[in-house]
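I have placed the structure first, in the form of structure tokens, so that the comments after it can refer back to it.
A quick note: this is a predicted structure, and the numbers were derived from the prediction, not measured. Labels below follow one simple rule: chain letters A, B, ... track the order of the sequence lines, proteins then strands, and each chain is numbered from 1.
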Amino acid sequence: MASSDVSVDVRPEFNSFDHLRSIRYIATDRPWLTLYGIRVQPVTPFSSLSSRPDLALIHQCLPDELLFEIFARMSPYSLGRAACVCRKWKYTVRNPTLWRNACLKTWQRTGMEANYQMVQSLYDSSWRKMWMLRPRIQFDGISSRRILS
Amino acid sequence: MAAAAAGAAAAPSRLMLRFRDGELRFAATDDALRVPLGYAIGAPFIRNERIFRLLDEYARTHARGGGADAVANIAAWDRDFMAREVTDTVTLYDLFVGATALGIDGLSDLCAQMTADAVKGRPVGEVKALLGITDVGMTQEEELKLQQDNDAILYLR
């Protein structure tokens, strides 16, 4: 059984790649690249207002992950105080995990599923907002009183 | 000749560790890993030989710990260890970093809890003084507003 060869017409310009050598690539002028390292300064959210390096030992020694581990062992009231210490702590304390744990612990009787539904429907999925706005009982040492935030 | 080869195989190889301060230390290991003479494994998460010794002591003591009856003794040993060795914040932070890097969870928890307890219940100014935080990265107006917001929201009066 003889197999018939299929002949395909190949356009002459595809026979060699010599024509590619004649193409001149356009070198795009990008003047804005000269700005980098001269005028554009990298901005970090935790950098201080002054140009001095952070002298606090805790910030020199501990990365943000370990700061978070410290904050995870604090009560929400201590976290509120910690947020006032410095800009770096303020942003670290904003971590939703800290506030989720606080909310689930405070309103554990409500049940985890109900708390998750509530935070999504009433508090824009923000656990911190839920902690701040949802009524809770606070024990001040003398008597328990209902606090409406 | 065979006996010599067997003896060489039985002897643990020695690893040379280079700590963050540049100190060197030989550590015996049963691993088959061989390090060429003169080369050191970098261990930048451990500041110096003293911190390595403390991490080693903690890990060995907890590895020896037995069943449920030893838990109380271990807890007492932990308290004694922290009181005896952690006399300054530099040591505390170095142990924290080293324990986290090496996966010594018990010591990592202890260090985190100790730092949290030091901060807990203190006013903001006292925390700043305690930890030496001078450059807060906020203007006085921002700082005051943040404190007022937290006082109003979290009842920290």
Original post:
Is there a side-chain contact between A:Ile58 and B:Thr115 (heavy atoms, below 4.5 Å)?
Top reply: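 Yes; the side chains approach each other to less than 4.5 Å.
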
Grab the two heavy atoms, one from [X] and one from [Y], that are nearest each other, plus how far apart they are.
X: A:Glu69; Y: B:Ala112; value: O-CB, 4.2 Å
X: B:Lys128; Y: A:Cys84; value: CE-O, 4.2 Å
X: B:Ile133; Y: A:Cys86; value: CG2-CB, 4.1 Å
X: A:Ser78; Y: B:Gly121; value: OG-N, 4.1 Å

Original post:
After noting the C-alpha distance and the side-chain angles of A:Val85 and B:Leu131, does the key distance pass the side chain to side chain contact (heavy atoms under 4.5 Å, CB included) rule?
Top reply: CA-CA 10 Å; A:Val85 170; B:Leu131 299 175; 5.9 Å; no

Original post:
Is it the side chain or the backbone of B:Asp109 that comes within 4.5 Å of chain A heavy atoms, both, or neither?
Top reply: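 Both parts, backbone and side chain.
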
